[in-house]
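Worth knowing before you read on, the calculation uses all heavy atoms, side chains too, and leaves out hydrogens, waters and symmetry mates.
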Amino acid sequence: MSELITPQGRYAVAAILFDKDGTLLQFVSLWGSWGECFLERFTKYMKEKGLQIAGEQLPALMGTVHNAQGSITDYDRNGPLAMGTMSDLYAILSWQGYLQGLSWAESMELVHQCRLEADVRLEEKRPVHSLPGLHRFLDECVSAGIPLAVVTADETEAADKHLQWLGIRHYFSEVIGTDLVDQGKPFPDMVQLACKRLAVEPAYTAVIGDTNGDMRMAKAAGVQVAIGLAESDGTSASTHILPDADLIVQSYAELRIEVTSL
């Protein structure tokens, strides 16, 4: 039997499920790059059509924090970029185009073009970085025979690709994107599907994530413990954003796996 050792206690776990962005990889390095490209293209194309998106409105569109130069430096852990699906983001931006005077069809076409260009930029740069201590923790899990899965608001194909870029795809038996379930976070569907595929019960499973949507998903599924990462990408996130976490850690250095005798 293996136990997950945390600052607050020990948990006998049959599987561990991880969020992806902000939990396995640094959120801003990946989605900051993508978001900057997307918003730059979006405002450019809107301007070409004689329409204007005020600079102060941009952070609210995705839930991002920008510096004076316009670069994305942080994000709202419970905002649309962190918690929403890609379809949610495209709907938000399409709605913004519609509000500015485009037809819904024109706005959808513009957003689609921005997505394609941002995706190309992301493929070229591949700006992914794993969180400190992650590889050590994953190695401990695998050595202890604990099956692992990813449950992400991203689409499954994109999630697989990002994990491959990081060189960690082989650690995970399953990758569950929001496109594989009827309802994404904060609903329990992804946890339930992951547990079904891993042949474990949610009650013997741990979920690790960086948003309260991850915690609410975990609680709705009835997992044993929902662990929040409060500083998943090196920025100073307050613990009040994770009110539904059973416990909060600052990094993987606070977690370890111990194999115990039966």
Side-chain angles (χ1 to χ4, degrees), residues 15-28 30-32 34-35 38 60-64 75-96 108 111-112 115 118-119 122 128 147-164 166 169 172-198 200-203 205-229 232-233 237 241-246:
I16 300 177
L17 312 182
F18 297 79
D19 170 52
K20 175 173 68 77
D21 303 310
T23 302
L24 296 173
L25 57 84
Q26 294 177 14
F27 190 98
V28 171
L30 178 69
W31 292 108
W34 184 90
F38 193 108
L61 296 182
M62 293 186 178
T64 49
Y75 64 104
D76 177 3
R77 272 69 173 169
N78 294 311
L81 185 60
M83 277 305 309
T85 65
M86 301 309 292
S87 294
D88 292 336
L89 286 176
Y90 304 145
I92 290 169
L93 289 154
S94 295
W95 174 244
Q96 188 62 221
M108 289 177 63
V111 168
H112 179 68
R115 176 194 184 175
D119 286 350
L122 199 67
V128 293
L148 309 177
V150 173
V151 286
T152 175
D154 203 355
E155 295 168 355
T156 305
E157 183 178 357
D160 264 318
K161 180 166 59 177
H162 299 158
L163 296 173
Q164 288 167 3
L166 274 177
R169 176 61 182 87
F172 302 100
S173 301
E174 298 290 340
V175 175
I176 308 296
T178 195
D179 53 301
L180 296 183
V181 296
D182 291 332
Q183 297 183 106
K185 302 173 185 181
F187 301 100
D189 301 35
M190 282 194 282
V191 170
Q192 292 170 341
L193 178 57
C195 288
K196 179 179 179 181
R197 290 188 175 183
L198 296 177
V200 299
E201 292 295 327
T205 300
V207 167
I208 302 176
D210 71 319
T211 73
N212 203 51
D214 296 315
M215 304 301 100
R216 293 180 69 84
M217 170 187 66
K219 292 299 185 66
V223 306
Q224 181 177 184
V225 60
I227 302 173
L229 281 171
S232 56
D233 70 344
I241 66 169
L242 295 165
D244 291 302
D246 292 315

* Ignoring hydrogens and geometry, is there a side-chain-to-backbone donor-acceptor pair from Asp246 to Ile227 under 3.5 Å? -> no
* Among Met217, Lys219, Lys185, Lys196, which one satisfies side chain to side chain contact (heavy atoms under 4.5 Å, CB included) with Val191? -> Met217
* Asked: Of the non-hydrogen atoms in Gly22 and Tyr75, which two are nearest, and what is the gap between them?
  -> CA-OH, 4.0 Å
* **Nearest heavy atoms of Thr23 and Asp210, plus distance in Å** => OG1-N, 3.3 Å
* **Backbone N/O of Ala60 and side chain of Thr64: donor-acceptor pair under 3.5 Å** => no
* **Flag, side chain of Asp214 to backbone of Thr211, donor-acceptor distance under 3.5 Å** => yes
* Asked: Can Glu155 and Lys20 be counted as an ion pair, charged N to O under 4.0 angstrom?
  -> no
* To do: Applying side chain to side chain contact (heavy atoms under 4.5 Å, CB included) between Val175 and each of Asp160, Val151, Asp154, report the one that passes.
  => Asp160
* Count the heavy atoms of every other residue, nucleotide or ligand shown that sit under 6.0 Å from CD of Gln183, and state whether that count exceeds 12. => yes
* To do: Output yes when a side-chain donor or acceptor of Thr156 lies under 3.5 Å from a complementary backbone atom of Gly177, and no otherwise.
  => yes
* For Gln164, look at atom CD and say whether over 12 heavy atoms of other residues, nucleotides or ligands are found less than 6.0 Å away. => yes
* Can you tell me if Asn212 uses its side chain to pair, donor with acceptor, with the backbone of Asp244 under 3.5 Å? -> yes
* Measure from NZ or CZ of Arg169 to the centre of the six-membered ring of Phe172, then state whether that distance is under 6.0 Å and the direction lies within 45° of the axis. => no
* Please step through side chain to side chain contact (heavy atoms under 4.5 Å, CB included) for the pair Leu24 and Asp19, ending with a clear verdict. => CA-CA 7 Å; Leu24 296 173; Asp19 170 52; over 6 Å; no
* How far apart are the closest heavy atoms of Leu163 and Val150, and which atoms are they? -> CD1-CG2, 3.9 Å
* Quick one: side chain to side chain donor-acceptor pair (under 3.5 Å) partners of Asp88, sequence neighbours excluded? -> Thr85
* Got more than 12 heavy atoms from elsewhere within 6.0 Å of CE, Met86? -> yes
